[in-house]
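Values below: all heavy atoms of this structure, side chains included; hydrogens, waters and symmetry mates excluded.
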Amino acid sequence: MKLILIPVMAALIGLSACGDDGLADQLARKEAKDTVRPVLAKRFPGVPLEPATDCVIDNASAVEILQLARAGVTGLGPEETQLVIEIATRPDTVQCLLKDGLAPFLLKKA
């Protein structure tokens with residue numbers, strides 16, 4: 001009976017790591033961010049990279065994040081570059097950029 005529980009428990013632990021805040025998700029997001037930054041720096045010069053990168057990743061689907069993360073390992077190609085541009089120009093991403101990416105830099109400090 002105990003031998004059956006070990007694979008079941010391992011599968012449950014593995015599945016829990018795939019959740020939104022699981023280790024697998026965190027690693028994929030980090031790798032995807034490393035792919036997004038150079039594209040943003042080249043295609044959108046002057047945009048604050050960290051907030052803009054966060055906005056792109058936050059508005060990407062899980063499949064898109066995995067594709068971008070894979071490109072971090074295999075190399076950035078034209079398809080992934082186009083994907084970053086597509087995500088960056090979506091209305092929700094633009095709103096995020098206006099709210100979180102650019103606003104702190106536009107506000108004057110008193």
Side-chain angles (χ1 to χ4, degrees):
M1 183 73 164
K2 286 185 181 182
L3 291 177
I4 294 172
L5 286 178
I6 292 172
V8 171
M9 291 301 291
L12 288 175
I13 290 170
L15 288 175
S16 69
C18 294
D20 287 344
D21 291 332
L23 181 59
D25 182 63
Q26 291 174 16
L27 291 173
R29 285 175 171 269
K30 185 209 174 299
E31 196 65 43
K33 285 181 180 186
D34 291 344
T35 302
V36 168
R37 274 187 211 96
V39 176
L40 293 179
K42 181 177 181 182
R43 300 295 180 128
F44 303 97
V47 171
L49 284 180
E50 289 310 311
T53 300
D54 289 340
C55 287
V56 169
I57 295 300
D58 290 345
N59 286 285
S61 70
V63 171
E64 292 168 335
I65 289 172
L66 288 175
Q67 182 179 352
L68 294 170
R70 190 171 31 252
V73 175
T74 61
L76 183 63
E79 189 175 308
E80 291 80 20
T81 299
Q82 187 57 41
L83 178 59
V84 172
I85 294 166
E86 178 189 321
I87 298 167
T89 56
R90 289 178 184 163
D92 288 343
T93 309
V94 171
Q95 285 299 315
C96 176
L97 288 167
L98 291 173
K99 180 180 171 233
D100 298 330
L102 298 176
F105 296 94
L106 299 175
L107 296 175
K108 293 180 180 178
K109 294 185 179 185

Student: Determine the sole option in Val39, Leu40, Val47 for which the side chain to side chain contact (heavy atoms under 4.5 Å, CB included) test with Arg43 is passed.
Tutor: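 Going through the options one by one, the only one that passes is Val39.
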
Student: Rounded to the nearest 0.5 Å, how far apart are CG of Leu83 and OG of Ser61?
Tutor: 8.0 Å

Student: Look only at the side chain of Thr35 and the backbone of Gly72, and say whether a donor-acceptor pair between them is shorter than 3.5 Å.
Tutor: yes

Student: Enter the distance from Arg29:CZ to Asp34:CG here, rounded to the nearest 0.5 Å.
Tutor: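 Arg29 atom CZ to Asp34 atom CG measures 13.5 Å (nearest 0.5 Å).
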
Student: Does Val84 reach the side chain of Leu76, with side-chain heavy atoms less than 4.5 Å apart?
Tutor: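 Side-chain contact under 4.5 Å: no.
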
Student: Measure the spacing between CG of Leu68 and CD of Glu79 and express it to the nearest 0.5 Å.
Tutor: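 Between Leu68 CG and Glu79 CD, I get 10.0 Å after rounding to 0.5 Å.
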
Student: Identify the heavy atoms of Ala32 and Ile65 that sit nearest to each other, and give their distance.
Tutor: CB-O, 3.7 Å

Student: Under the criterion salt bridge (charged side-chain N to carboxylate O under 4.0 Å, His left out), I'd like the reasoning laid out for Arg37 against Glu50: C-alpha separation, chi angles, the key distance, then a yes or no.
Tutor: CA-CA 8 Å; Arg37 274 187 211 96; Glu50 289 310 311; 2.7 Å; yes

Student: Less than 4.5 Å apart, side chain to side chain, heavy atoms only: is that true for Thr89 and Thr93?
Tutor: no

Student: Which pair of heavy atoms, one from Ala28 and one from Ala69, lies closest together, and at what distance?
Tutor: O-CB, 3.5 Å

Student: Closest approach of Asn59 and Arg90, non-hydrogen atoms and distance?
Tutor: O-NH1, 3.0 Å

Student: Could you tell me the separation between the CG atom of Asp54 and the CD1 atom of Ile57, rounded to the nearest 0.5 Å?
Tutor: 8.0 Å

Student: Could you walk me through whether Val36 and Ile87 satisfy the side-chain contact (heavy atoms from CB on, under 4.5 Å) test, starting with their C-alpha distance in whole Å, then the side-chain angles of each, then the deciding distance to 0.1 Å, before giving a yes or no?
Tutor: CA-CA 10 Å; Val36 168; Ile87 298 167; over 6 Å; no

Student: Is there side-chain contact between Glu80 and Arg70, with at least one heavy-atom pair below 4.5 Å?
Tutor: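 Answer no - side chains too far apart.
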
Student: So, does Thr53 use its side chain to make a donor-acceptor pair with the main chain of Lys33 at under 3.5 Å?
Tutor: no

